[in-house]
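Whatever order the structure lists ligands and atoms in, that order sets their numbers, starting from 1. Below, each value reflects all heavy atoms present in this structure, side chains not excepted, and no hydrogens, waters or symmetry copies. All figures in this text were calculated on a predicted structure; none of them were measured in a lab.
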Amino acid sequence: MTSARTRARMIDRIKQLGVEDQRVLAVMSNVPRHVFVDEALSHKAYDDTALPIGHGQTISQPYIVARMTELALGAAQHEKVLEIGTGCGYQAAVLSQLFKTVYTIERIGQLSKNARDRLNQLGVRNVRVRHGDGSAGMPDAAPFDVILIAAAAPIVPEDLIEQLRLGGRLIFPVGDEVQELRMIERHEDGVVETRLEKVRFVPLLPGLA
Ligand code: SAH
């Protein structure tokens with residue numbers, strides 16, 4: 001169920017869908033996704049689908065994690081990344097192997113605690129897990145090279161742009177029923193927004209739980 005062959009199939013699928021960055025593919029073949037889902041679902045851990053992680057939330061589809069990670073690596077530097085919506089911590093674990101420090105924030109206390117425990121167990125030392133509402137980013141830890149939002153906001157989160165370094169990237173889904181993945185790059189003379197593909201994420205919600 002969690003064999004090398006099962007993992008290789010997941011990587012093949014991600015490649016078929018167009019992710020080519022070898023760094024992303026290498027890291028994703030190493031990070032054990034089955035550790036991040038309930039044992040009862042571990043036989044599905046390497047399928048290219050989102051899976052429930054409790055509290056009405058999901059672990060993102062592997063392809064989407066790969067795609068967003070590939071976009072993240074296009075930032076000018078790879079020192080500090082902020083992830084909004086830790087969930088089970090899988091995306092953070094992937095980012096931890098490609099960025100010097102990962103900050104991740106989750107509004108649901110139990111998910112945040114579980115993610116922290118799991119990352120500790122795996123020996124991941126460069127991820128700072130915080131329980132909080134990430135809607136306003138993390139001003140006290142800014143600026144970031146990348147801000148990646150793992151939940152969909154109804155409108156473009158423009159306030160977060162000022163927490164980006166020059167050459168930095170904000171990667172986020174936007175919309176309600178129909179959502180789109182977008183990227184905003186911060187340059188010296190302004191920002192460039194790119195509209196990418198249709199996606200499906202859980203909503204970004206205010207407050208703590
Ligand atoms: N990154 C995860 C996917 C998490 S799903 C992965 O690796 O698979 C999105 C998460 O965002 C959910 O756990 C949800 O609780 C969280 N979330 C939603 N709104 C939030 C907010 N305002 N601040 C922080 N986390 C939020």
List the atom pairs, donor and acceptor, that lie under 3.5 Å between side-chain atoms in residues 167-176 and the rest of the protein, sequence neighbours left out.
| unit_1 | atom_1 | unit_2 | atom_2 | d |
| --- | --- | --- | --- | --- |
| R169 | NE | E185 | OE2 | 3.1 |
| R169 | NH1 | L71 | O | 2.7 |
| R169 | NH2 | E185 | OE2 | 3.1 |

Q: Would you check whether A93 reaches within less than 4.0 Å of ligand 1, judged by its heavy atoms?
A: no

Q: Identify, by atom number and element, the atoms of ligand 1 in contact range of A150, meaning under 4.0 Å from any of its heavy atoms.
A: 1 (N), 5 (S), 9 (C)

Q) Starting from atom 14 (C) of ligand 1, which protein heavy atom do you reach first, and at what distance in Å? A) Q57 OE1, 3.4 Å

Q | Closest approach of any protein heavy atom to atom 26 (C) of ligand 1, naming residue and atom | A | R107 CG, 3.6 Å

Q. Who's the nearest protein heavy-atom neighbour of atom 11 (O) of ligand 1, and how far?
A. G85 CA, 3.1 Å

Q: Pull out every atom of ligand 1 sitting under 4.0 Å from any heavy atom of S135, numbered as shown with elements.
A: 22 (N)

Q | Numbering as shown, the atoms of ligand 1 that approach G132 to under 4.0 Å (heavy-atom distance) | A | 23 (N), 24 (C)

Q: Tell me which protein heavy atom sits closest to atom 2 (C) of ligand 1, plus the residue, atom name and distance to 0.1 Å.
A: T86 O, 3.5 Å

Q | Shortest protein heavy-atom distance from atom 19 (N) of ligand 1, along with the residue and atom involved | A | L205 N, 2.9 Å

Q.
Between S3 and T6 (side chain of the first, backbone of the second, donor and acceptor by atom type, cut-off under 3.5 Å), is there such a pair?
A. yes

Q) Any salt bridge between E180 and K198, counting N to O under 4.0 Å? A) yes

Q. Is a side-chain donor or acceptor of E106 paired with a backbone partner of K113 at a separation under 3.5 angstrom?
A. no

Q.
Quick one: does any side-chain atom of R128 pair with a main-chain N or O of T101 as donor and acceptor, under 3.5 Å?
A. no

Q: For R33 and Y46, indicate whether the former's side chain and the latter's backbone hold a donor-acceptor pair under 3.5 Å.
A: no

(Q) Only heavy atoms of D133, strictly under 4.0 Å: list the atoms of ligand 1 that pass. (A) 21 (C), 22 (N), 23 (N)

Q | Region of P203 engaging ligand 1 - heavy atom pairs below 4.0 Å | A | backbone

(Q) Please list, in number order, the atoms of ligand 1 under 4.0 Å from a heavy atom of I59. (A) 8 (O)

Q. Honestly curious: do V65 and L17 fall in one hydrophobic cluster under the side-chain, below-4.5 Å linking rule?
A. yes

Q) With no hydrogens and no angle check, is any side-chain donor or acceptor of Q91 less than 3.5 Å from a backbone partner on E83? A) no

(Q) Return the closest protein heavy atom for atom 7 (O) of ligand 1 as residue, atom name and distance. (A) Q91 N, 2.8 Å

Q.
Within 45 degrees of the ring normal and closer than 6.0 Å to the centroid, is that where the cationic atom of R130 sits relative to Y103?
A. no

Q) Any idea which atoms of ligand 1 are less than 4.0 Å away from a heavy-atom of Y90? A) 7 (O)

Q: Could you tell me whether I105 approaches ligand 1 through its side chain, its backbone, both or neither, with non-hydrogen atoms closer than 4.0 Å?
A: backbone

(Q) With a 4.0 Å cut-off on heavy atoms, is E83 in contact with ligand 1? (A) yes

Q: Just jot down the ligand 1 atoms closer than 4.0 angstrom to any heavy atom of I108, in number order.
A: 15 (O)

(Q) Students should be able to answer this: which protein heavy-atom is nearest to atom 5 (S) of ligand 1, and at what distance? (A) T58 O, 3.2 Å

Q. Going from CD1 on I161 to CD on E193, what distance comes out if it is rounded to the nearest 0.5 angstrom?
A. 7.5 Å

Q | Qualifying residue, where the test is side-chain hydrogen bond (donor to acceptor under 3.5 Å, both in side chains) with D145 and the options are K80, R165, H78 | A | R165

Q.
Under a 3.5 Å cutoff, is there a donor and acceptor pairing between the side chains of Q16 and D12?
A. no

Q | Short side-chain to backbone donor-acceptor contact, N126 and F99, under 3.5 Å | A | yes

Q. What atoms of ligand 1 come within less than 4.0 Å of a heavy atom belonging to G134?
A. 21 (C), 22 (N), 23 (N), 24 (C)

(Q) Can you report which non-hydrogen protein atom sits closest to atom 13 (O) of ligand 1, along with the distance? (A) E106 OE1, 2.7 Å

Q. Hey, is L204 touching ligand 1 through its side chain, its backbone, both or neither, going by heavy atoms under 4.0 Å?
A. both

